[in-house]
Amino acid sequence: MNGSPIPLPMNEDASPVSAAAAASATPSKSDSSLKQKYSDSNSNDASSTTSSTISRRRQSMMLVSKDARAHWKSLPAEWQLEKEFVLHALRQSPTLPEKADFERRLPQRLRFDKDIVLAFCHRPDFVQLYDERHLFVPGCWTHDREIMLAYCQKIPRSLQECSEELCDSEEIVHAAVKVAGMELQYASMRLQEDKETVKLACKSHGGALGFCPPGPTRQELVQDRHFMLNTVLANPGGGAMWKLLPPCMEEDIELLLMALRHGLHFRDVPKALMNLDFLTLAIRANSKLYLELSKSWREQECLSKEALVSESSDAEIHAKALEECPQLRRNRAVILQIARGGSKDLLQEIVSANDFQYQDDLEVMKIAIQQNSKFFDYASARLQQMPEIILVSITPQTAWNTIKNVSWTIQRMHPEIPVRAVELSVARNLRYMPSHIPEDLWSTSRDLGIAWIRRGGQILDAIEQQLRRDKPMGLEVAKHNWAEFYKVGKVLLKDRQFMLRALKQDGRVIRFAHSDLIQDMDVLMSAVAYHPQPSTLSTTFAGIYNLEELKRHVETKLQLHSTFLLDFLRGIAISPQPNVAPNLRSQLPMLDRGVETSEAFKRLICDYLGVPIGQQLRLLRQAFANMKRQNQDGPPAPAANNNESIIHPAMGNDRRLLRHHRFLIEPAEIRHRHRLQEFHRLQQFREDHQLQRERRLMHLRRMHFPRVMAMAAFERQHGDRVNNVEVAAGAVPDELDFGSDDDSVILDLQREDGNDSDF
């Protein structure tokens, strides 16, 4: 450039290249700048595409981790077949997609992949998945120690799938016999003779001792009385192992009773021990042994009683014992045990018998009434006035009949009785409850008022008095009967905090809010966010506030949060050093104080700018979602309350149930309007029916008038033959027969015209 020569490029042979060639090989400045610009643009496009794909994959993995069942189908098809996504769903998601959408679509390379098989095994719900999805041990992995150990630790009978080498592994076999002791039968002969392995198997199933081959190990174990009594015979299936005992231990009563309790039968017991005292002890240990006795032994009253009062007895034993010894029907202990766990039909037969003597026994009748509330009628008059008996007798079917027979004095002394009756009564009987409960109890018992409100009943005057000063009760009204929320009183309707809590229960109570609160944006957004039927938002807010204006306000707030989060915070976090932690990237020194201090400063900035965060942000998002669904939803569903599940399925076309349904969920003014509409419809129906009858009668009279005139002329001409039998019977001469109907039609219509009782 300054007169110095340009160094020539050298070729591979270190010979100088000509200047022309060097000039042609050296690109111009303009060409290099264009190439650099083109390569930069391509790299930017590729990097942006890659970053967006990575961001989308990361977001999809987060969704799959939260709930794979809900989000798996939304993944692209190629992602559903990626090992990374499958492992993510198996390892982190509490739920899995359906089998048809998940493992059945996986290729064989993934289905039998070791990591995926282990991911299945390590899930907490693997045992349930194994049964529901019919999983199995892959044949290609039966020799793999890690996979087979995972299966043997959770799934019984997995040891039989293992290879011979693994069946001789103490680690694998011990894991299997801990789950199911009978797995010892699939272990190698060496481990079946191993003392520690056999003991470990017998702890989970006593019958595992039978798979220990005869030899020194079995002989040593069966001679150990403590091991046989507390490990083998004491576990399910171990009773039959009593047969392995040496002869010197066969007369040990304690060992024999333990064996009889866990599976040993009377036929295996030496006949020399079969006496009354031993049989009594045996039946006390296992009442099912009573069914194995001969008829002569079953007729022994002491044995039958022992079988009846045993806690392990069942309906079959009760029927058999009472068949052999019917006199035990009058035994108090027997009746108590039958009432606790016997057949209801047998208990009904005993209680309704004429020789039943325990009508006044509190314990017997209480347990019997708990089994069947109809036994309340068999209790004595003294017991029928006791609150313990009354409470257990109240069921959904008997609540109304019980409460109307309980005196008001007892109800005042024990208000829990009417409370339980209101809570359990079927919906069709709720309307009768106020007339059978003292009025002063409605105004004094808070629990009774809350129980009535939760059932969706109309707010009574007595409840309204305490409702105006009880905020929790007012919230119950908002939750279960929002249409009568106005009865909480002006003081509570003007309370901002109370209204915000009430709106969380049901956003529709905004219709009763005080005029001062209607201009409060937080109140309005709560009403929209917690509205149970977004499709009726326009109806709810009619005459209260403009929904479009409210929607614009919500959108503005959400846009403010987006701007603050995406633009402002990112702007102040830019740093020329790319590898610095996020909390150290701020160019503002006051924000560069560590994570906690930085978060505190960000919150202060949010408060100053009015940026919604936390609960307010969630409220705005829910309100915006409801506004978007306002025009997307179909017709509003019926209001849900505690009585919906009781009334709606059985309503059908029964107008009585329909009227009762309105009684429960509609306020008084709406019910009055419905009654007026029904009255007007009925009156219109009567008028239309009366007009139709008159028109029909006039038509028939016009049609029959010629015949009547002809009959009159015939009578004048033939006066003597008027009483003729044929004429009286209706045999009219041909010249007088006009082909019309019987005259009785007119008479019937005339009689019907004066009878309007049906309408």
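From a predicted model like this one, the values you see are computed outputs, not experimental measurements. Only heavy atoms go into these numbers, but all of them, side chains included; no hydrogens, no water, no symmetry mates.
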### Task
Would you sort out whether Leu617 and Arg621 count as a side chain to side chain contact (heavy atoms under 4.5 Å, CB included), showing the intermediate values?
CA-CA 6 Å; Leu617 179 61; Arg621 288 173 174 170; 3.6 Å; yes
### Message
Any salt bridge linking Asp67 with Arg69? Criterion: basic side-chain nitrogen under 4.0 Å from a carboxylate oxygen.
### Response
no
### Criterion side chain to side chain contact (heavy atoms under 4.5 Å, CB included) on Leu291 and Glu316, from CA distance to verdict
CA-CA 9 Å; Leu291 301 175; Glu316 183 182 5; 3.8 Å; yes
### Query
Is it true that a side-chain atom of Thr231 and a backbone atom of Met228 form a donor plus acceptor pair closer than 3.5 Å?
no
### Message
To the closest 0.5 Å, what do you measure between NE2 (His88) and CD (Glu82)?
### Response
12.5 Å
### Query
Partners of Arg91 by salt bridge (charged side-chain N to carboxylate O under 4.0 Å, His left out), sequence neighbours excluded?
none
### Message
Can you confirm whether more than 12 heavy atoms, excluding those of Arg123, are under 6.0 Å from its CZ atom?
### Response
yes
### Message
Nearest 0.5 angstrom please: Phe136 CZ to Ser158 OG, how far?
### Response
13.0 Å
### Query
With distance as the sole criterion, is a donor-acceptor pair present between the side chains of Ser60 and His71 under 3.5 Å?
no
### Task
Salt-bridge test for Arg145 and Glu165: reply yes if a basic N is under 4.0 Å from a carboxylate O, no otherwise.
no
### Query
His174 and Glu170: side-chain donor and acceptor closer than 3.5 Å?
no
### Message
As an exercise, state the distance from CG of Leu244 to CZ of Arg218, rounded to the nearest 0.5 Å.
### Response
5.0 Å
### Task
Walk me through it: do Gln615 and Arg618 pass the test side chain to side chain donor-acceptor pair (under 3.5 Å)?
CA-CA 5 Å; Gln615 179 63 29; Arg618 288 192 291 271; 3.0 Å; yes
### Message
Can you confirm whether the side chains of His531 and Thr540 place a donor and an acceptor under 3.5 Å from each other?
### Response
yes
### Task
Could you walk me through whether Glu555 and Phe624 pass the side chain to side chain contact (heavy atoms under 4.5 Å, CB included) test, one step at a time?
CA-CA 8 Å; Glu555 291 176 344; Phe624 185 70; 3.4 Å; yes
### Query
Does a side-chain heavy-atom distance below 4.5 Å link Lys288 with Ile317?
yes
### Query
Is the distance between the ring centroids of Phe120 and Tyr151 less than 6.0 Å?
no
### Query
Would you call Met182 and Phe211 a side-chain contact if the rule is heavy atoms closer than 4.5 Å?
yes
### Query
Which is it for Arg133 and Glu103 under the salt bridge (charged side-chain N to carboxylate O under 4.0 Å, His left out) test, yes or no, and what are the steps along the way?
CA-CA 9 Å; Arg133 299 185 176 230; Glu103 55 258 47; 2.8 Å; yes
### Message
Using every non-hydrogen atom in the two residues, find where Arg340 and Gln371 come nearest and quote the distance to one decimal.
### Response
O-NE2, 3.6 Å
### Query
Is there side-chain contact between Met525 and Lys557, with heavy atoms separated by less than 4.5 Å?
no
### Query
Is there a donor-acceptor contact under 3.5 Å from the side chain of Asn626 to the main chain of Ala529?
yes
### Steps toward side chain to side chain contact (heavy atoms under 4.5 Å, CB included) verdict (Arg56, Trp79)
CA-CA 11 Å; Arg56 184 185 172 194; Trp79 289 3; 3.9 Å; yes
### Query
Would Glu84 and Arg57 pass as an ion pair if we require N to O under 4.0 Å?
yes
### Query
If every non-hydrogen atom of Leu159 is compared with every non-hydrogen atom of Ala187, which pair is closest and at what distance?
CD2-N, 4.0 Å
### Query
Counting only N and O atoms by type, is there a donor-acceptor contact under 3.5 Å from the side chain of Arg104 to the main-chain atoms of Lys99?
no
#### Entry: Asn230 side-chain N/O to His226 backbone N/O, donor-acceptor pair under 3.5 Å
yes
### Test item: Pro532 and Arg508 side chains (from C-beta on) under 4.5 Å apart, heavy atoms
yes
### Query
Thinking salt bridges, do Glu146 and Lys114 make one under a 4.0 Å N-O criterion?
yes
### Query
Between Arg501 (side chain) and Leu475 (backbone), is there a donor-acceptor pair under 3.5 Å?
no
### Message
For a 4.5 angstrom cut-off between non-hydrogen side-chain atoms, does Ser204 reach Asn235?
### Response
no
#### Entry: Flag side-chain contact, heavy atom, 4.5 Å: Leu90 against Ile116
yes
### Query
So, the side chain of Gln192 versus the backbone of Leu184: is there a donor-acceptor pair under 3.5 Å, distance only?
yes
### Message
Given 3.5 Å as the limit, does a donor-acceptor pair link the side chain of Ser93 with the main chain of Ala68, or not?
### Response
yes
#### Entry: Main-chain N/O of Ile147 paired with Asp144 side-chain donor or acceptor, under 3.5 Å
yes
### Query
Between Ser312 and Ser287, do the side chains contain an N or O donor and an N or O acceptor separated by less than 3.5 Å?
yes
### Message
Check this for me: Glu78, atom CD, are more than 12 non-hydrogen atoms of other residues, nucleotides or ligands nearer than 6.0 Å?
### Response
yes
### Query
Any side-chain heavy atom of Phe227 within less than 4.5 Å of one from Leu221?
yes
### Task
Identify the heavy atoms of Asp522 and Leu619 that sit nearest to each other, and give their distance.
O-CD2, 4.4 Å
### Spatial distance of atom CZ (Arg454) from atom NZ (Lys479) [nearest 0.5 Å]
7.5 Å
### Message
Salt bridge check, Arg157 against Glu183: does any charged N sit closer than 4.0 Å to a carboxylate O?
### Response
no
### Task
Return yes if some donor-acceptor pair links the side-chain N/O of His262 with the main-chain N/O of Ala234 below 3.5 Å, else return no.
yes
### Query
Atom CG of Leu550 and atom CD of Glu548: how far apart are they, to the nearest 0.5 Å?
9.5 Å
### Query
In terms of side-chain geometry, is the basic nitrogen of Asp115 or Lys83 positioned less than 4.0 Å from the acidic oxygen of its partner?
yes
### Query
Can you check whether Trp141 and Phe112 have ring centres sitting under 6.0 Å from each other?
no
### Query
Considering residues, nucleotides and ligands other than Met521, do more than 12 of their heavy atoms fall under 6.0 Å from its CE?
yes
### Task
Return the minimal non-hydrogen interatomic distance between Lys66 and Pro94, and the atom names on each side.
O-CD, 3.4 Å
### Task
Without swapping roles, check the side chain of Trp242 against the backbone of Leu264 for a donor-acceptor pair under 3.5 Å.
no
### Task
Would you check if Met148 and Val137 make a side-chain contact, meaning some heavy-atom pair closer than 4.5 Å?
yes
### Closest contact, heavy atoms only, Asn286 versus Leu260
ND2-O, 3.2 Å
### Query
Nearest heavy-atom pair of Leu149 and Ala175: which atoms, and what distance?
CD1-CB, 3.8 Å
### Message
Within a 6.0 Å radius of atom NZ on Lys154, are there more than 12 heavy atoms belonging to other residues, nucleotides or ligands?
### Response
yes
